[in-house]
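Working notes, structure below.
Convention: sequence-line order gives letters A, B, ...; per-chain numbering from 1. This structure is a prediction, so every number in the text was calculated from the model and none was measured.
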Amino acid sequence: MNLNDIILAIEKNKISLIVALVYIIFAPIIGGLLAGIDRIITARMQNRVGPPLLQPFYDVFKLFSKKTMWINRFQGPFVFCHLIFMICTGALFFEGRDILLIIFMLSVASIFFILAAYCTSSPFSIIGAERELLLIMAYEPMILIMLVGFYKVVGSFKFYEIILSGKHLILYLPGVFLGFLYVLTIKFRKSPFDLSYSHHAHQEITKGITTDLSAKSLAVIEISHWYENVFLFGLIFIFFSSFNWILAIIITLFVYFFEILIDNTYARVKWEWVLKSSWAVALIAGGGNIILLYLLNIK
Amino acid sequence: MEFIIFLIIFPFILSLFLLIPSEKLRNVLVRVGSGIIIGTVIIFAFFYLNKSPMYFHLEIGKILDKILFGSEFIIGIIILAICIKHKKFLPSLFIILHLIIMTYYEINYAHEVKVDSYLYFDQFSIIMALIIGIIGTLVCVYAIGYMKDYHNHHKEVKDRSNFFFFILFAFLSAMFGVVFSNDIHWMHFFWEITTYCSFILIGYSKTEEATKNAFHALNLNMLGGLVFSIGFIYLFANYHTIELNKIIALKGTIALLPIALICFAGIVKSAQFPFSSWLLGAMVAPTPTSALLHSSTMVKAGVFLLIKFSPLLQNTVTGYMIAIIGGLTFLFAAFIAISQKNAKKVLAYSTISNLGLIVACAGIGSYETVWAAIFLIIFHAIAKSLLFISVGVVEHKIGSKDIEDMDNLMTRLPQTTIFIVIGISGMFIAPFGMLISKWAALEAFVNVHSIISPILILIISYGGAVTIFFWTKWLGKIISINNVEQSKMPVGKEMDFDQWISLFVHGVLTVLTCVAFPLISMFAIEPYIHSIYNSSHGLGRSNVIIMIIMVMLIILLPLILMTLQKRKQFHQKEVYMGGRNVDTFLKFEGSMGVKKELNNKNYYLEKYFNEKKINDLGIWLSLVAIIIMLVGIK
């Protein structure tokens, strides 16, 4: 079945709410599985066997069974709000709402995460939080430029409308895609841009922004990260949605593989480099692309 | 019409009574008078917000013209005397020039002028009246408590607080005049009064710095006022009208030079680059002054004027240059705000930055951007005023306005901190007002078909990201909790009743406008936009629903969770410090067994966001834009 038909059916029967529900239920499963695959691929790249596919789930279940320690009573609410807003972000995205609004929602989710770290007064958490803020500042311009690019080509900020337009977005927006790919490394929390916290064991600021989270709160952060990843896959998917949709999914997965490759081949860089380079890439590749669209008045 | 005249005259009469040297009487008068003004603007808005704009002719208009001219002269000479006393050459020159121009106008043109309607109101001026009437008076009420504290803290400053209140209310009166005058000559008169009032307020403490900054503000705003007067005389000489509605009706046929001249004054007053320095200098004044200048008066007069003229600016070089100046100011002021430690300076730069966005919207002048601009004015006025007055409370309590001294504020001054949190959230967190407007502005810029559009989009993308950075780190600072500090809590209450009521109403209004923004849009802003552009803008219904859900979520969720958490017992642990924690919180064992206390500091990135460098760059770039705006007109 053609993707367009499916989406038309979704739009027509107003079952986009069901898609959102599907996201809420299945996103952590998909996200967890992808995390498992990530760990296996990473292990193979490092000549290790790696954990079983379901290891991320085992980890989270184990975290849930542990006793949670809190620094103060604000931490829990902030972490929980982070999860709720992250779920809302993805659910509204797959429900087909204005992506611009959804990106703002994503920032709210991140802000709650940062506040959860700030409220502890812990040195490592606060450094992690500050770095997370720097990262937000680094990637945010590119994301907004990308959405404007979609709008300029398609005339809409909505997921389904963009996909239904059938425009080959990747051909209109190669620069924007390049820029997005660059900041995607930040969003997937991959090296060289994993400044605020990393999945790898060793980091100069221990576990950065998550240092003072434990057991359940840590599990919640992990799950919300899975939700976020699936949402990001949706964003990558948009660029290739005009092709055969199986192909589009394969390309999306390949992009993820590419990020894993980068993760394993580059060492962490300093924040100056992250900020400068992402802003420059956003300006030159993303901004250049948008300015060209306006100059050539491509519709 | 009675309402308008009452709103212009009443604060002024009240202000005269405030000069009576009795503190008790003064406080009562301020409270009662503020109540009357608030009541009047609310009743006024209630009855007239859904009516079409009304224009009023005054029988005694001609006589009032003469009276205005006379008082302009008298006030001018008083200010001139002050300038000469302080041996300030430049402002004296400006005032003399100003008086010469006004006399020239009076002799050559005044007798020809035939004005059909001197005063008017439409939805936009009613919105402005609500902002001035409610936020402005609340600041005055706050000032009752603040000025008492202020003189306890600053013994060296002579207590002239009665005079201070006199100027505050005269200021409000002039602001009502600006927003209700249809005769541009009248508007200019009130415009100059606001300049003089801010000059006196900034110089209140009479210290060397205050005097210097006051004259700086006077210089720039007098320059703006001069250019303004040249603009409207030029208008009259060529188009034989100085009525606002008639000029705006000339869209398409009117020459842009006079409009550019008048907009120049708007740019100066709204503290855009290259003129932003006066607003920063104004920070030396007591906090109510800053709150007033930044939120409901002065700078808002500047953007009010620009938005009024913005239909004429649509698709013109002048308009584009104004948009560029606004855009640059938005971006650069946000950059500088990152590197600022002083809370008041962060607020000042964020004001300049937000005004930049409003100016950019006004310069584009499409109905979507005007919609966004008016919303920005409303939300910014409330949230910024709230932030200023709460920082004022903090400053008096902890004796510092440095953000780095504000850790643990949540346990030290819980009430005030909650108000600051509301204010900061209002400034940048998603469903709250400022962000809705930023979002609307971005959507509006995308639809502009000009090369200016991608430039503004880039500016807003970067500026938005920077804004998140500097607000969140401040927010993080004040909510970071460390239990040891509880012993350092100041004794006594946080603030007196006048201050509390002012903060409280501000806080409620911040939240209320966020929840009620679809109603504000529907009943106030859309009718106004419709009356000018014949087409209107609103957010889509589905978006409105999401946003209301978001507002509810973001307000209720943390509250509910925190109350739930309050009852629960939990296992408390200490923060991770490499296992070197000693005693209680935030002490660790250093080398040689020395106990050290931990100090967390925020990032300020001064190397990259250097105040001076960025300021200089902004000034030069915007100077170029201003020259193109004034010279490059077809």
Next on the checklist: Between A:Tyr151 and B:Asn447, does the side chain to side chain contact (heavy atoms under 4.5 Å, CB included) criterion hold? Intermediate values first, please.
Outcome noted: CA-CA 9 Å; A:Tyr151 186 86; B:Asn447 288 320; 3.2 Å; yes
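- Within a 6.0 Å sphere centred on CZ of A:Phe80, other residues, nucleotides and ligands contribute 12 heavy atoms or fewer.
- Nearest heavy atom pair, residue B:Val448 against residue A:Tyr294, reads O-CE2, 3.7 Å.
- With a threshold of 4.5 angstrom between heavy atoms, B:Leu458 approaches chain A through side-chain atoms but not through N, CA, C or O.
- A:Tyr139 does not touch chain B: none of its heavy atoms, backbone or side chain, sits under 4.5 Å away.
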Next on the checklist: Walk me through whether B:Tyr608 and A:Trp271 qualify under ring-ring contact (aromatic ring centres under 6.0 Å, His included).
Outcome noted: CA-CA 12 Å; B:Tyr608 295 95; A:Trp271 68 262; 5.7 Å; yes
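- Residue B:Ile452: no heavy atom, backbone or side chain, is found under 4.5 Å from chain A.
- In this structure, B:Thr472 and A:Glu132 have side chains that are not in contact, with every pair of non-hydrogen atoms separated by 4.5 Å or more.
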Item to check | Working for side chain to side chain contact (heavy atoms under 4.5 Å, CB included), residues B:Trp439 and A:Leu101 | outcome: CA-CA 8 Å; B:Trp439 169 41; A:Leu101 187 63; 4.0 Å; yes
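- Neither the backbone nor the side chain of A:Ala129 comes within less than 4.5 Å of any heavy atom of chain B.
- Looking only at heavy-atom pairs under 4.5 Å with chain B, the residue among A:Leu147, A:Ile136, A:Leu100, A:Leu275 that has the most is A:Leu100.
- Among residues two or more places apart in sequence or in another chain, the salt bridge (Lys or Arg N to Asp or Glu O under 4.0 Å) test is passed with A:Glu130 by none.
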Checklist entry - Could you go step by step and tell me if B:Lys601 and A:Ile126 meet the side chain to side chain contact (heavy atoms under 4.5 Å, CB included) rule? => result CA-CA 9 Å; B:Lys601 295 269 180 265; A:Ile126 285 186; over 6 Å; no
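- Residue A:Glu140 holds its CD atom at 4.0 Å from CD1 of B:Ile468, rounded to the nearest 0.5 Å.
- Note that the NZ atom of B:Lys477 and the OG atom of A:Ser121 stand 8.5 Å from one another [nearest 0.5 Å].
- Neither the backbone nor the side chain of B:Thr467 comes within less than 4.5 Å of any heavy atom of chain A.
- Of the two parts of B:Ile479, the backbone and the side chain both hold a non-hydrogen atom closer than 4.5 Å to a non-hydrogen atom of chain A.
- Sorted by first and then second residue, the side chain to side chain donor-acceptor pair (under 3.5 Å) pairs involving residues 74-87 of chain A (not counting sequence neighbours) are A:His82-A:Ser224.
- Side-chain atoms of B:Asp407 and A:Tyr118 include no donor-acceptor pair closer than 3.5 Å.
- Ranking B:Val446, B:Leu553, B:Ile478, B:Leu475 against chain A, the residue ahead of the rest is B:Val446, based on heavy-atom pairs under 4.5 Å.
- Annotation: residues 84-91 of chain A contacts chain B through A:Ile84, A:Phe85, A:Cys88 [non-hydrogen atoms, separation under 4.5 Å].
- Distance check, rounded to the nearest 0.5 Å: CG of A:Leu295 to CD1 of B:Ile451 gives 4.0 Å.
- Interface remark: A:Leu133 contributes backbone and side-chain atoms alike to the contact with chain B (heavy atom separation under 4.5 Å).
- Residue B:Ile455 does not touch chain A at all, counting heavy-atom pairs closer than 4.5 Å.
- The candidate from A:Ile290, A:Leu144, A:Asp98, A:Ile291 with the greatest count of non-hydrogen atom pairs under 4.5 Å with chain B is A:Asp98.
- Within the 4.5 Å cutoff, no side-chain heavy atoms of B:Lys438 are placed close to those of A:Phe104.
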Donor-acceptor pairs under 3.5 Å, side chain of residues 459-466 of chain B to any protein atom, not counting sequence neighbours: which ones?
from, atom 1, to, atom 2, distance (Å)
B:Ser461, OG, B:Ile457, O, 2.7
B:Tyr462, OH, A:Trp279, O, 2.7
B:Tyr462, OH, A:Leu283, N, 3.0

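- Taking the side chain as every heavy atom from C-beta outward, A:Leu134 and B:Phe469 approach each other to under 4.5 Å.
- Here the side chains of A:Cys119 and B:Ser480 are not in contact, with every heavy-atom distance at 4.5 Å or above.
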Next on the checklist: Evaluate A:Ile111 against B:Phe428 for side chain to side chain contact (heavy atoms under 4.5 Å, CB included), listing each step before the verdict.
Outcome noted: CA-CA 11 Å; A:Ile111 288 166; B:Phe428 86 106; 3.4 Å; yes
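- With a threshold of 4.5 angstrom between heavy atoms, A:Ser110 does not approach chain B through any atom at all.
- Contacts of A:Leu92 with chain B are made by side-chain atoms alone, with heavy-atom separations under 4.5 Å and no backbone atom involved.
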